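Just so you know, these numbers use all the heavy atoms, side chains as well, and skip hydrogens, waters and symmetry mates. Nothing here was measured: the structure is a model prediction, and the numbers come from that model.
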Amino acid sequence: LKACELARPLGSPFVGLSMEQLKARTAKAAAEREKEKKEKLERVTKALEEAQRKKRQQDREREEAQKKQKTEDDFEGGLYGGLPEPDPTKDRVFTERFKEKENWRAHRFPPLPPEDPAKVIFLDVDGVLRPLTAGGFRAMMVDGEWALRAETADFISGSLLALRHIVENTGAIIVLSSEWRRNQAMRDGVDNILAEYEMRPCATWTPTTLERDMGTDPFRAFTERRAREISQWLSGNAQVRQWVVLDDINMAMADEDRKPGSLLMAPRIVQTHRKEGLTLNQAKAAVRILQGEKLPTQILAEQPHVELI
């Protein structure tokens, strides 16, 4: 017994324990270690699961971001696909050229003089600013009614420049005497094309209520009525001192059977070619008439014939 006691380490927790107690304590220690191991394993498992959850969330967010970017890229590609990458040098050159073009457009015409209501241009359109052909408008159905839309694509640039020459050199106002005056859309079409050449819109238009004399030749009746329309407008505008008629019709014919109140047209008409429109030489003649000069009658030797109904 003394030998056994000497064999036990001093301070050992198992001193004085029976075999049963020793087994119980050993089993308890093993259980605690197992529990601690299990808890540690659970913590590690949870940490791995949380890491995997976060990774899946990040993957989903990244995938959604990629899809969104692809959609935007596809959209931009549809609009701007194939465009080269920005080139600062080319962009600068383009900007400078654009500014030059805008500057040219802003100064391509000299400024107009102030309006002079004492000088009037009676303006026809068909055969003067555009060839006398079918067209000049489109008809469309709007709310069950036909509406007109002016077509000015066939207006002659040279004729518009010739008209501007007259306005530049006289300050004359424009009074629309054409059949285009009978509809607002058509009048707007004329004003819009004048604006493109930096001219003021038509000041007004001649009367539209006068009737033709149906007992005479239709062409002469049309010409005579236009002379009466111009004369009636002038009778209500006493400020006018000089006036000129730009028309493809030989308005001098109206003088042959002049109605009471109608003014002589021959000294005021500048007749244009129905297919060629107003020319610069004719515009220069119109300027001289508006400046009070007496010129030989400005009637064409030949003119293509058209039927007026």
Salt bridge present between [X] and [Y] (N-O < 4.0 angstrom):
X: Arg228; Y: Glu224; value: yes
X: Glu179; Y: Arg226; value: yes
X: Asp59; Y: Arg62; value: yes
X: Glu50; Y: Arg53; value: yes

> Passes side chain to side chain donor-acceptor pair (under 3.5 Å), Asp188 versus Gln184? Steps please.
Replying inline: CA-CA 6 Å; Asp188 290 344; Gln184 182 64 53; 2.7 Å; yes
Side chain [X], main chain [Y], donor-acceptor under 3.5 Å:
X: Thr152; Y: Phe155; value: no
X: Gln271; Y: Leu300; value: yes
X: Arg200; Y: Leu194; value: no
X: Asp255; Y: Met265; value: yes
X: Thr297; Y: Ile299; value: no
X: Ser231; Y: Leu263; value: yes
X: Asp217; Y: Arg220; value: yes
X: Glu168; Y: Leu112; value: no
X: Asp191; Y: Cys202; value: yes
X: Thr272; Y: Gly277; value: no

>> Can you tell me how far apart CD1 (Ile173) and CD (Gln239) are? Round to the nearest 0.5 Å.
In response: 6.5 Å
>> Nearest 0.5 Å, please: how far is NZ in Lys259 from CZ in Arg225?
In response: 12.5 Å
>> The test is side chain to side chain contact (heavy atoms under 4.5 Å, CB included); show your working for Ile166 and Met199 and say whether it passes.
In response: CA-CA 11 Å; Ile166 302 173; Met199 284 184 276; over 6 Å; no
Identify whether [X] and [Y] are in the same connected component of the hydrophobic contact network (ILVMFWY, side-chain heavy atoms under 4.5 Å).
X: Ile156; Y: Tyr197; answer: no
X: Val270; Y: Leu295; answer: yes
X: Phe109; Y: Ile121; answer: yes
X: Met251; Y: Val175; answer: yes

> Can you check side chain to side chain contact (heavy atoms under 4.5 Å, CB included) on Phe122 and Ile269, steps first, answer last?
Replying inline: CA-CA 9 Å; Phe122 288 99; Ile269 178 67; over 6 Å; no
> If you count the non-hydrogen atoms of other residues, nucleotides and ligands that lie under 6.0 Å from CD in Glu36, is the total more than 12?
Replying inline: no
> So Ser178 and Trp205, side chain to side chain contact (heavy atoms under 4.5 Å, CB included) or not? Walk me through it.
Replying inline: CA-CA 8 Å; Ser178 166; Trp205 56 90; over 6 Å; no
>> Go through it in stages, so that I can follow the logic: the residues are Leu129 and Leu123, the test is side chain to side chain contact (heavy atoms under 4.5 Å, CB included), and I'd like the CA-CA distance, side-chain angles, deciding distance and then a yes or no.
In response: CA-CA 9 Å; Leu129 297 183; Leu123 179 66; 3.9 Å; yes
> With a 4.5 Å limit on heavy-atom distance, are the side chains of Pro110 and Arg164 in contact?
Replying inline: yes
>> If we count only N and O atoms by modelled type, under 3.5 Å, do the side chains of Arg288 and Gln291 hold a donor and an acceptor together?
In response: no
> Are a donor atom and an acceptor atom from the side chains of Thr208 and Arg181 found within less than 3.5 Å of each other?
Replying inline: no
